[in-house]
Chemist: 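Quick one: this structure, given as structure tokens, is what I'll be asking you about.
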Amino acid sequence: MEKHYFTALTLQMRLSAMDETADIIIIGGGVMGTSTALHLAEQGVGEVLLLEKSSLGAGSSGKSGAILRQHYSHEVSVRMARTSLQFYENFQARYDREIGFCQPGMLFIANEAQREALERNVELQRSLGVDTQILDAAALRAAEPHARFADDALGAWEPEAAYVNPVKTVHGLAAAAQEAGATIRTGIGAAEVLRDGGAVRGVRTDGDTKIRADVVVNTAGPWAGQILDQLGLDYPLQVVRPEQAFFEPPADVEERPTMYADLLNGVYWKPEQSDWVRVGKLAFDDDEEVTNPDHYDEGVSNDFVSFAHSALTDRLPAFEHAVSWGGCGALYTVTPDSHPLVGAVPEVEGLYLASGFSGHGFKLAPAVGRGLTGLITETDPAPFDPDFLAVDRLRHDRPVTVPYSYSILG
């Protein structure tokens, strides 16, 4: 990278033009930003400052299903998901903060036509310590007697799969980061990333305060692409609006359902701590693109509620008379291969990106926070692999491929 040399006087003039200084600035207060702030602060890297333009979890994170599962097709993804799951499981004991961790397990429903992919993935996961197994139709019926399965149904059962309360988790991460020494400011956005030639100089806030820092981490979720655009950088990040529907089970349904990824019906669902069930689509190819994440339709359509109810009752007939509580439109930031762009941005020294999680955010956030800390401090980023999710991998024709038609499964 080209080096830029300045006289001491020039450097002093530029420093004096700054209103504040920090060592590392993180843009975005969702699960990715707060996790990164916590891991950096615990590493003792200096002054870590997180800027959130609205409130913590106000973007994608607050509406997330926050499912934590290890069912992936690549070793790196499995290791990252496993590390993250264990982090959440131990969070309350370590930080004395409750994040709504619940572990009902998860079923991945396929059929004989998908046996090869399912078995290959389960074999990989088991080799990495994941407790998972293949269930045939008879075993599925025994495990889920109130569900309906065809004779050629297959399932991968992951009893360790869990979920957390997304809002409590983001606030818990933020509080732990502050206790470790990080500074978090809400209601203050990053209007501009400042640079000197090919290197980061700091951030100008929307209040026109200039904060100097040699490292800026862009974890702005649906706004991450705007920050890159402002720097003249073109990366394939698209924001879409997935819909989610909520149903309250009938009073005579006593047991809470496990979590499902139903590949045959194209949906996932999970129990909520309110005793409702959240239903969403596995694919997001047809989701509406959002050009302005500050203003988008946060409602849910009647068509989607009907679709979700039909898919749910096809598998769980007892939900035929479930009460609909409507739903919401949320935000995903997606990439062409449905895997995030994480790591150093090669065009700008000191700039890092973690975006495009395509629905994987909560599953991977602790591992990403640890990995980014390793990259920034030039220590071990494991279980993160800088090449696997490299920011520029798609430019070099290295997409992450998966055996499922629903690439969100990873």
Side-chain angles (χ1 to χ4, degrees), residues 1-4 15 18 20-52 76 79-80 83-84 87 170 173-174 176-185 190 192-203 211-221 223-224 227-228 231 233 235 237 339-357 361 364-393:
M1 181 176 291
E2 180 184 359
K3 293 185 179 294
H4 298 268
L15 284 172
M18 295 290 180
E20 300 179 29
T21 62
D23 292 294
I24 299 173
I25 297 174
I26 299 168
I27 303 173
V31 68
M32 215 55 61
T34 53
S35 172
T36 302
L38 172 57
H39 283 87
L40 283 166
E42 288 187 331
Q43 194 72 10
V45 298
E47 185 175 354
V48 177
L49 171 63
L50 184 150
L51 301 177
E52 164 53 49
V76 174
R79 290 189 185 279
M80 291 176 68
T83 295
S84 297
F87 175 87
V170 170
L173 288 165
Q178 289 175 306
E179 290 168 359
T183 299
I184 294 179
R185 298 182 186 173
E192 179 184 6
V193 173
L194 305 173
R195 59 192 285 190
D196 264 332
V200 159
R201 183 184 176 195
V203 162
I211 308 172
R212 178 177 175 81
D214 292 327
V215 174
V216 173
V217 186
N218 179 359
T219 62
W223 295 269
I227 292 170
L228 295 171
L231 289 167
L233 303 177
Y235 282 91
L237 297 172
H339 282 68
L341 309 179
V342 183
V345 177
E347 297 92 337
V348 184
E349 182 181 357
L351 179 63
Y352 294 82
L353 174 67
S355 187
F357 285 87
L364 304 179
V368 169
R370 182 182 297 182
L372 283 173
T373 298
L375 292 180
I376 292 168
T377 60
E378 299 183 348
T379 57
D380 185 5
F384 174 73
D385 181 338
D387 293 326
F388 182 68
L389 299 177
V391 168
D392 59 350
R393 70 177 185 278

Chemist: State, with a plain yes or no, whether a side-chain heavy atom of Met80 is found less than 4.5 Å away from one of Phe388.
Modeler: no

Chemist: Once side chain to side chain contact (heavy atoms under 4.5 Å, CB included) is applied, do any residues pair with Ala344, and if so which ones, sequence neighbours excluded?
Modeler: Tyr352

Chemist: For the residue pair Gly371 and Phe384, what are the closest heavy atoms and their distance?
Modeler: CA-CB, 3.7 Å

Chemist: Using only atom types and a distance under 3.5 Å, with no angle test, would you say the side chain of Arg370 pairs donor to acceptor with the backbone of Thr83?
Modeler: no

Chemist: So which heavy atom on Ser35 is nearest to which on Ala365, and how close?
Modeler: OG-O, 2.9 Å

Chemist: From Thr36 OG1 over to Ile26 CD1, what is the distance, rounded to the nearest 0.5 angstrom?
Modeler: 5.5 Å

Chemist: Using only atom types and a distance under 3.5 Å, with no angle test, would you say the side chain of Asn218 pairs donor to acceptor with the backbone of Ala224?
Modeler: yes

Chemist: Do Ile25 and Leu51 pass the side chain to side chain contact (heavy atoms under 4.5 Å, CB included) test, and can you show the C-alpha distance, the side-chain angles, and the key distance before you say yes or no?
Modeler: CA-CA 7 Å; Ile25 297 174; Leu51 301 177; 4.1 Å; yes

Chemist: Which residues pass the side chain to side chain contact (heavy atoms under 4.5 Å, CB included) test with Gln178, sequence neighbours left out?
Modeler: Ile184

Chemist: Passes side chain to side chain contact (heavy atoms under 4.5 Å, CB included), Val368 versus Met32? Steps please.
Modeler: CA-CA 7 Å; Val368 169; Met32 215 55 61; 3.6 Å; yes

Chemist: Hey, is the main chain of Thr219 close enough, under 3.5 Å, to the side chain of Ser355 for a donor-acceptor pair?
Modeler: no

Chemist: Using the side-chain hydrogen bond (donor to acceptor under 3.5 Å, both in side chains) criterion, which residues pair with Thr379? Sequence neighbours excluded.
Modeler: Thr377

Chemist: Do Val217 and Ile24 come close enough that some side-chain heavy atom pair is under 4.5 Å?
Modeler: yes

Chemist: Looking at every non-hydrogen atom in both residues, tell me the closest pair between Leu372 and Ala354 and how far apart they are.
Modeler: CD1-CB, 3.9 Å

Chemist: Show the nearest heavy-atom pair for residues Ser84 and Ala367, with the distance to one decimal.
Modeler: OG-N, 3.2 Å

Chemist: So do the side chains of Ile227 and Ile27 get within less than 4.5 Å of each other, counting heavy atoms only?
Modeler: yes

Chemist: With a 4.5 Å limit on heavy-atom distance, are the side chains of Arg185 and Ile211 in contact?
Modeler: yes

Chemist: So which heavy atom on Gly343 is nearest to which on Leu375, and how close?
Modeler: CA-CD1, 3.9 Å

Chemist: Are Leu231 and Leu351 side-chain neighbours, meaning at least one heavy-atom pair lies under 4.5 Å?
Modeler: yes

Chemist: How would you list, by chain and number, every residue that makes a side-chain hydrogen bond (donor to acceptor under 3.5 Å, both in side chains) with Arg79, sequence neighbours excluded?
Modeler: Glu75

Chemist: Under the side-chain hydrogen bond (donor to acceptor under 3.5 Å, both in side chains) test, which residues partner Asp214, sequence neighbours left out?
Modeler: Arg212

Chemist: For Leu173, does its backbone N or O pair with a side-chain atom of Thr34 as donor and acceptor, under 3.5 Å?
Modeler: no

Chemist: How long is the straight-line distance from CG of Leu194 back to CE of Met18, given to the nearest 0.5 Å?
Modeler: 5.0 Å

Chemist: Of all residues at least two apart in sequence or in a different chain, which pass the side-chain hydrogen bond (donor to acceptor under 3.5 Å, both in side chains) check with Gln43?
Modeler: none

Chemist: If I take atom CG from residue Leu40 and atom CD from residue Glu47, how far apart are they, to the nearest 0.5 angstrom?
Modeler: 13.0 Å

Chemist: What verdict does the side chain to side chain contact (heavy atoms under 4.5 Å, CB included) test give for Phe87 and Leu38, after you've listed the backbone C-alpha separation in whole Å, the side-chain angles of each residue and the deciding distance to 0.1 Å?
Modeler: CA-CA 12 Å; Phe87 175 87; Leu38 172 57; 3.9 Å; yes

Chemist: Roughly how far, to the nearest 0.5 Å, is CG of Leu228 from CG of Leu341?
Modeler: 9.0 Å

